[in-house]
Number of protein chains: 2
Amino acid sequence: MGHTWLGLMARTPRNTLSADLIVRTALELMEAKGTDAFSLRGVAGELGVGPMALYTYFRNKDDLYDAVRDHLMGLLPAVPSDAPWPDQVRAVCRSLRLLMLQHPCLAQLLAGRPLSGHETARVAEGLLGVLRAAGFDAETAARTHTTLFTYVLGSTSWEIQMAAERRDPEAWRRLRTSMESLSARDFPSVVELAPELARTTGGDEQFDYGLDLLLAGLQLRTPS
Amino acid sequence: MGHTWLGLMARTPRNTLSADLIVRTALELMEAKGTDAFSLRGVAGELGVGPMALYTYFRNKDDLYDAVRDHLMGLLPAVPSDAPWPDQVRAVCRSLRLLMLQHPCLAQLLAGRPLSGHETARVAEGLLGVLRAAGFDAETAARTHTTLFTYVLGSTSWEIQMAAERRDPEAWRRLRTSMESLSARDFPSVVELAPELARTTGGDEQFDYGLDLLLAGLQLRTPS
DNA sequence: ACCTGAACACCGTTCAAGT
DNA sequence: ACCTGAACACCGTTCAAGT
């Protein structure tokens with residue numbers, strides 16, 4: 001299996017496999033075929049090895065998921081150092097959102113697994129450092145970090161989900177008809193605001209709107 | 001298959017199946033074994049029918065997911081009518097969070113599928129109605145609705161995820177050691193705030209903290 | 001250590017058929 | 001309409017074995 005004429009191997013020769021190569025191949029497949037269609041067997045097939053070859057480098061599928069997530073988190077830019085703290089916070093949140101939009105699988109990788117790994121800690125470090133330098137106490141800094149992180153995660157996951165749905169014509173048609181079937185008597189606000197709701201399911205403006213609400217609330221508690 | 005002595009059927013006799021019975025059985029299984037372990041074959045087995053029997057009532061697995069989600073959303077209480085609008089908004093967000101905590105599968109059902117169905121529209125209607133009655137314009141009401149919804153979804157999903165991880169001793173141990181292995185030189189804030197971060201990964205206080213930030217920011221934009 | 005190959009216990013879904 | 005049974009094309013993971 002895997003031999004062609006002249007004895008060329010269709011599979012990768014021995015000792016060319018590595019954790020990094022597997023992670024990059026897994027990421028490619030997730031972005032090409034979607035996170036749900038991703039499988040260990042698919043990665044192994046792409047690399048020309050048996051499924052069990054991957055278990056030399058990763059304990060199981062979740063372990064590979066964590067490695068891909070950490071690989072992506074490593075791509076996050078550093079926090080800008082020369083700016084007022086609200087702008088620094090904005091920059092961190094925006095760059096995390098942008099990374100999620102560029103790599104939609106990251107949303108599922110962050111939501112479905114607990115945080116661990118150095119790259120992920122680096123992100124927390126950046127945000128916590130900004131908040132501490134701004135003068136917030138330990139408890140407020142921690143609470144604010146968790147709030148901002150979950151807001152970015154929730155809003156961007158939703159945005160990605162909706163964008164994927166819009167690309168599937170069948171699902172999009174069913175969503176439209178289900179919206180249009182709502183009676184204006186029972187759902188007056190939903191029917192009236194349907195165009196606005198459709199417009200606000202994603203985009204930079206919508207993300208910044210919620211982020212600005214959080215920052216405005218936070219600035220009311222500014223210590224200095 | 002399914003016959004016992006005396007001819008008693010181990011499977012449900014004909015015409016006792018219904019969409020509602022399937023939804024309730026699916027929900028039970030999701031909550032007993034976890035959402036990930038859920039399968040159509042499992043539901044069919046629990047009901048004593050073949051896997052294909054379910055396809056009479058649901059087009060596919062996603063269709064059943066949507067039905068379970070709508071069933072759960074139907075359990076949400078109505079918006080309190082005699083209260084200032086910030087309290088009404090708080091009530092809607094808190095009751096959605098409570099429902100998600102009581103039925104952890106709801107988090108995945110909301111995050112993984114697009115919104116559709118009357119029960120889900122009912123929730124949007126309640127929140128939008130409150131915001132419109134408070135005097136916000138169409139665009140602001142829609143943006144605020146999406147912001148609040150994604151905040152509740154993100155923060156509560158995260159809370160549920162972390163609580164599940166804490167229950168798994170193996171995963172919990174690995175998360176502790178990965179936290180403790182971080183050097184105080186490279187991650188000063190994370191190491192210093194480790195106890196606060198652990199405390200703020202969930203709970204009513206953490207949820208209300210973020211919700212109050214949003215509401216404080218929103219009240220700065222109050223029209224009247 | 002690194003990788004194979006067969007096997008186990010599963011999946012969702014299609015298709016043809018029975019009542 | 002309602003449900004069965006066999007089959008298809010998959011999964012993740014274990015286990016024993018080879019180099």
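We name chains A, B, ... by the order of the sequence lines, and we start the count at 1 in each one. Only heavy atoms go into these numbers, but all of them, side chains included; no hydrogens, no water, no symmetry mates. As the structure is a prediction and not an experimental result, all values here were calculated from the model.
- Rounded to whole Å, atom C1' of dT4(C) lies 13 Å from atom CG of Leu17(A).
- Base pairing of dC10(D): no nucleotide in any strand meets the Watson-Crick or G-U wobble criterion (both distances under 3.5 Å).
- In this model, the phosphate group of dT13(C) is approached by a side-chain N or O of Tyr55(B) to a distance below 4.0 Å at OP1 or OP2.
- For Phe58(A) and dC2(C), the CZ to C1' distance is 14 Å, given to the nearest whole Å.
- Between the side chain of Gln88(B) and the backbone N or O of Pro80(B) there is at least one donor-acceptor pair closer than 3.5 Å.
- Summarising the geometry, the separation between CD1 on Ile22(B) and C1' on dC2(D) is reported as 11 Å, rounded to the nearest angstrom.
- Per the geometry, OH belonging to Tyr57(B) stands 14 Å off C1' belonging to dT4(D), to the nearest Å.
- Under the 4.5 Å side-chain criterion, counting only non-hydrogen atoms from C-beta, Arg97(A) is not in contact with Arg94(A).
- Judged by Watson-Crick or G-U wobble contacts below 3.5 Å, the nucleotide dA16(D) has dT4(C) as its partner.
- Comparing dT4(D), dC2(C), dG5(C) by their nearest atom to the side chain of Met52(A) picks out dG5(C).
- Geometrically, Arg113(A) does not engage Tyr65(A) in a cation-pi contact defined by less than 6.0 Å to the ring centre and at most 45° from the axis.
- Surrounding CD of Glu205(B) are at most 12 heavy atoms belonging to other residues, nucleotides or ligands under 6.0 Å away.
- Side-chain atoms of Val23(A) and Tyr57(A), non-hydrogen and from C-beta on, never get closer than 4.5 Å to each other.
- Arg69(A) has its side chain within reach of Leu110(A): a pair of non-hydrogen atoms, C-beta onward, lies under 4.5 Å apart.
- Contacts between residues 26-36 of chain B and DNA chain C, defined by a heavy-atom separation under 4.0 Å, are absent.
- Counting to the nearest Å, the C1' atom of dC2(D) and the CG atom of Leu47(B) are 14 Å from each other.
- A donor-acceptor pair is defined here as one N or O able to donate and one able to accept, closer than 3.5 Å; such a pair exists between the side chain of Glu125(B) and the backbone of Ser189(A).
- The main-chain N or O of Leu29(A) is never found under 3.5 Å from a side-chain atom of Glu46(A) such that the two would form a donor-acceptor pair.
- Taking every heavy atom of residues 37-45 of chain A and every atom of DNA chain D, pairs under 4.0 Å involve Ser39(A), Leu40(A), Arg41(A), by number.
- The separation between Leu54(A) atom CG and dA1(C) atom P is 18 Å, rounded to whole Å.
- Among the nucleotides dC3(C), dT13(C), dT13(D), the one closest to the side chain of Asn60(B) is dT13(C).
- The closest side-chain heavy-atom distance from Gln161(A) to Pro114(B) is below 4.5 Å.
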